Amino acid sequence: MARTPYMAGNWKMHKTVSEARVLASELVSELSGASAKLMIAPPFTALSAVSQVVSDSPIRLGAQNMAPEESGAHTGEVSVAMLADVGVEVVILGHSERRHVYGETDELINRKVKLALAHEMEVILCVGETLEEREGDRAETVVQEQLAAGLDGVGEDQLSLVTIAYEPVWAIGTGRTATPEDADAIHQIIRNRFSTMYSAQAAENMVIQYGGSVKPNNIVGLMAKGNIDGALVGGASLKAETFVPIATYDRT
Ligand code: PGA
């Protein structure tokens, strides 16, 4: 089965409500004919406004994080029900900035993953090694551990809601991309891991995005690799002129 390419934009802590509305409107008009699956993840404050802009378009609305609890006394957190309420269909979990800057552990990320899936919210689970781990020859081990821990307790029947994003930490926002060969090698390891954790079919079906300085000039080389099924894009997703060529790479 051919996997549908999946291009996602992670806007991080950028865009006011009015700026977000402008960018989302540009994307809606320029991406109406795109064949890839598309998602944009604005900051929480702009979700509601962007939801209205993308509602009748093929662009799915994503959130960048989510609370690990259903509701209650969790100051500063946003629940899965609140996200669903404003039209969010996808949540990015385990992003390296959450792991390394805000101290999210595999255990916490796993609780979020299970909670999102229980609410039939689609999940993009991010995994990836730091520079130190790569230089210590531990990239493969770290990625496999993050995968196993992040998906602990997740059943094969839930995997249709799961996408994996491989984002080597040293490539994020640095302009330093993994070579297509290096990325593909880790993607292959991730896919193999699905085979052992689940089944050959699950491995074959799993959509694995690459993330880390994806730009219009490197997307074609990355997507040429058999195990790279899409991209999670940060900096280049903040302007239509850079996100559109990535999202429509197959037509460039
Ligand atoms: P970048 O970010 O494209 O700016 O490197 C990617 C990400 O963090 O998802």
Side-chain angles (χ1 to χ4, degrees), residues 5-15 19-20 23 27 31 36-44 46-47 50 59-66 88 90-104 109 112-113 116 122-131 133-134 139 142-143 146-147 150 162-180 182-184 186-187 190 207-223 225 228-249 252:
Y6 188 2
M7 302 299 183
N10 173 13
W11 293 5
K12 306 193 181 184
M13 199 170 73
H14 297 284
K15 307 286 175 190
E19 289 166 348
L23 176 56
L27 296 177
L31 291 174
K37 180 175 171 181
L38 302 170
M39 181 276 259
I40 51 176
F44 289 130
L47 283 173
V50 172
I59 303 176
R60 300 158 82 77
L61 185 66
Q64 301 171 19
N65 190 18
M66 190 193 93
V88 169
V90 189
V91 61
I92 300 170
L93 295 174
H95 190 278
S96 69
E97 286 146 21
R98 300 301 320 166
R99 292 178 187 267
H100 299 295
V101 185
Y102 294 97
E104 292 199 9
I109 294 160
K112 296 183 182 194
V113 168
E122 201 190 290
V123 168
I124 295 179
L125 173 63
C126 304
V127 297
E129 80 286 356
T130 62
L131 185 58
E133 288 162 345
R134 170 153 288 251
V142 167
V143 164
Q146 289 175 343
L147 208 55
V162 176
T163 297
I164 302 298
Y166 168 58
E167 299 205 309
V169 180
W170 47 271
I172 295 176
T174 57
R176 221 182 126 180
T177 334
T179 63
D182 285 350
D184 193 59
I186 300 281
H187 282 224
I190 293 170
V207 172
I208 308 174
Q209 296 172 323
Y210 168 78
S213 300
V214 173
K215 307 286 176 213
N217 66 7
N218 57 28
I219 187 65
V220 175
L222 288 161
M223 291 302 289
K225 293 292 172 191
I228 301 180
D229 307 315
L232 180 56
V233 186
S237 73
L238 295 173
K239 286 188 183 156
E241 71 198 58
T242 42
F243 190 61
V244 169
I246 294 171
T248 55
Y249 75 97
T252 52

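Just so you know, residue 1 is the first one in the sequence shown, and it goes up from there. Whatever order the structure lists them in is the order used to number ligands and atoms, beginning at 1. This one's a predicted model, so the numbers in the text were calculated from it and none came from an experiment.
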Would you mind running through ligand 1 and noting each atom that sits below 4.0 Å from a heavy atom of [X]?
| X | value |
| --- | --- |
| G173 | 1 (P), 4 (O), 5 (O) |
| N10 | 9 (O) |
| G212 | 5 (O) |
| I172 | 2 (O), 5 (O), 8 (O) |

Testing E129, H187, Q146 for side chain to side chain donor-acceptor pair (under 3.5 Å) with Y166, which one passes?
-> E129

Do me a favour and list the nearest non-hydrogen protein atom to atom 3 (O) of ligand 1 with residue, atom name and distance?
-> G234 N, 2.9 Å

Sub-3.5 Å N/O-N/O distance, [X] and ligand 1:
| X | value |
| --- | --- |
| E167 | yes |
| G235 | yes |
| S213 | yes |

Is the closest basic N to carboxylate O distance between E122 and K37 below 4.0 Å?
-> yes

Short question: side chain of [X], backbone of [Y] - any donor-acceptor pair under 3.5 Å?
| X | Y | result |
| --- | --- | --- |
| K225 | P180 | no |
| R134 | A139 | no |
| K12 | G235 | no |
| E104 | G94 | no |
| R99 | C126 | yes |

Give a yes/no verdict on whether any heavy atom in [X] is under 4.0 Å from an atom of ligand 1.
| X | result |
| --- | --- |
| H95 | yes |
| G211 | no |
| A236 | no |

Have H95 and E167 got a donor and an acceptor in their side chains that come within less than 3.5 Å?
-> yes

